[in-house]
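Read the structure below first, then the notes.
For reference, positions follow the sequence shown, starting with 1.
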Amino acid sequence: MYRNIFKIIACIGMLLTAQACEDKLEIPNPNSLSAEEFFVTQDQAIASVDAIYNSLIIDGTYNRMTPVYNDGRSDEVSSRSPWVFLTGLSSFVVPPTDGATGWAWDAYYIMVLRANYALENIPIIEDIEPELRDRLMGQAYFLRGLAYFNLTNTYDIVPLILEVPEGQEAFYPSNEGITKDMIWDQIQADLELAEASLPVSYDGISGPDNGQVGRATKGAALSMLGKLNLYRERYTEAVDYFRQVIDLGVYSLAPNYADLFSDDPAVEQANPGKIFWAEFTTSTNSELNWGGDPNVNWRQFLAVSPTYAAPGYGFFDFFPTPFLYNEMREERTLDGSLDPRYHATILSYEPEDGYTTAYLDPWPYQPNEYYIKKYTNADNGLANEGANASGINYHIIRYADVLLMYAEALANSGDIAGAAQYVQEVRDRANLADRTAEFAAYSLDQFMEQLAHERVMELAIEGVRWHDIKRWGWLDDPEKLAELRAHDFEFNTYTSGRKWMPIAQGELDLNQNLVGNSANQ
């Protein structure tokens with residue numbers, strides 16, 4: 001669906017990023033229509049929602065900065081970038097005066113604004129199929145909920161903007177008086193409305209979106225509802241939502257783990273474990289999709305690929321920590337090999353397993369050196385400028401994560417034996433020994449320690465470890481914080497309150513109604 005998105009939405013980019021100004025010349029500009037002029041037809045309703053999806057692939061969201069914000073602050077990777085922003089965020093010392101602290105803020109509020117335009121105006125369009133209207137509204141609610149989920153997990157307390165701003169006062173929203181529960185409740189409400197309106201699949205539905213892949217589904221909304229409630233420690237509710245995802249019967253684990261990170265469209269489309277993702281392409285169009293108004297010349301590439309690439313093949317801004325390297329080599333498969341998830345995550349010289357190349361070249365480094373492989377082009381040879389055409393889709397929700405989150409919710413609800421089965425289901429794909437009975441006999445603390453390991457094995461360098469560390473309270477536990485410092489030297493400069501990205505000082509200067517978070521102090 002995303003692959004043709006720019007032809008659809010280029011004409012409305014200006015509409016969805018700013019209010020239309022008075023046309024003194026009385027000559028209508030087709031690229032800057034007012035809402036009243038634009039929201040008339042069914043095709044325009046579709047285009048307004050497609051414009052929200054577009055915000056998933058710009059720099060502040062999944063093109064680069066959302067993965068970097070999360071991976072950089074985890075104990076899985078460290079930064080050696082010449083760009084001081086990257087080393088600063090990774091070591092928790094980036095100042096609010098660095099404008100890059102606000103790139104995710106800007107991008108997700110673009111998503112919110114576009115969703116608000118769609119939610120306010122699609123209902124007034126008369127020329128639209130009722131079922132299509134419901135699906136479009138459901139997608140807009142889902143994407144707004146996703147935007148606020150990421151905003152609050154990055155910046156803590158943020159303004160809740162639920163309408164298109166009208167008038168000068170509305171352009172300066174405040175987060176003063178907003179509580180975390182208010183934000184969580186709004187996300188819950190948006191996702192519930194999305195789940196009620198979205199189909200399980202777009203195959204076989206009636207409408208122009210029939211058969212389209214990449215749009216939000218009922219499974220995506222239920223997964224996010226489960227994740228939201230897990231983060232809120234509402235385990236019974238989380239269990240129910242995750243159970244509904246599993247009971248849909250449409251998802252399973254991809255037989256080959258490495259296929260999850262292929263940029264071959266046929267392999268990506270055949271993946272039964274994808275639930276929701278940001279879609280990128282191998283286009284070599286002239287303009288890179290960093291942001292701004294979308295147009296037909298956008299390349300739509302995944303900038304994570306060159307950012308994480310090994311030396312000589314990209315920017316090499318990050319590298320795996322020794323903790324991640326050792327953790328992923330801890331347990332061998334039933335046939336005595338390294339876990340196949342290791343080979344999809346870390347690039348290293350392993351001649352006994354048949355891994356002797358990097359980016360299709362003979363191994364160019366010392367035999368004991370290792371680098372990031374996941375979300376890079378290490379297997380297809382695209383390097384340097386070629387890496388700026390990486391088409392690997394970025395997973396936002398995938399089935400293995402749902403299974404592991406379900407196990408966590410079950411265990412914290414008192415059903416450790418049931419939880420153990422779902423952990424083992426994920427392990428089975430990696431051909432690891434059956435330890436179900438062992439895990440079922442664990443205490444809750446023991447089970448959570450094991451689950452932390454299993455989540456690293458399955459989800460390393462996918463932007464989830466940092467949020468796990470925060471929500472499990474490890475940053476406030478001296479013993480756990482000491483472990484993190486042993487895992488990654490960058491935690492030596494972590495101080496209390498730095499679990500959030502600071503709200504950019506430029507944003508605070510512009511909007512006097514905003515209050516900074518603990519990282520601004």
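Residues Tyr108 and Thr154 bring no donor and acceptor atom of their side chains to less than 3.5 Å of each other. Using modelled atom types and a 3.5 Å distance limit, the side chains of Asn210 and Asp203 yield no donor-acceptor pair.
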TODO: With salt bridge (charged side-chain N to carboxylate O under 4.0 Å, His left out) as the test, would you mind laying out the steps for Arg471 and Glu408 before giving the verdict?
DONE: CA-CA 12 Å; Arg471 66 189 179 87; Glu408 181 179 345; 2.7 Å; yes
- [ ] Please test Asp379 against Lys373 for salt bridge (charged side-chain N to carboxylate O under 4.0 Å, His left out), starting from the C-alpha separation and ending with a verdict.
- [x] CA-CA 8 Å; Asp379 275 342; Lys373 185 176 185 181; 3.4 Å; yes
Task: From CA spacing to verdict: side chain to side chain donor-acceptor pair (under 3.5 Å), Glu287, Asn295 - done: CA-CA 9 Å; Glu287 295 185 27; Asn295 64 74; 3.1 Å; yes
TODO: Test Glu462 against Arg398 for salt bridge (charged side-chain N to carboxylate O under 4.0 Å, His left out), laying out the working first.
DONE: CA-CA 11 Å; Glu462 294 186 44; Arg398 63 183 182 90; 2.8 Å; yes
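Residue-environment remark: CD (Gln269) stays at or below the threshold of 12 foreign heavy atoms within 6.0 Å.
With sequence neighbours excluded, the residues forming a side chain to side chain donor-acceptor pair (under 3.5 Å) with Asp247 are Arg243, listed by chain and number. For Tyr349, there are no side chain to side chain donor-acceptor pair (under 3.5 Å) partners, not counting sequence neighbours.
A salt bridge links Glu350 to Arg329: at least one charged side-chain nitrogen sits closer than 4.0 Å to a carboxylate oxygen.
Below 30°, between 30° and 60°, or above 60°: for Tyr365 and Trp363 the angle between ring planes is above 60°, a perpendicular geometry.
Checked against the 6.0 Å centroid criterion, the rings of Tyr155 and Trp105 qualify as a close aromatic pair.
Pro67 and Tyr308 get closest at one heavy-atom pair: O-OH, 3.4 Å.
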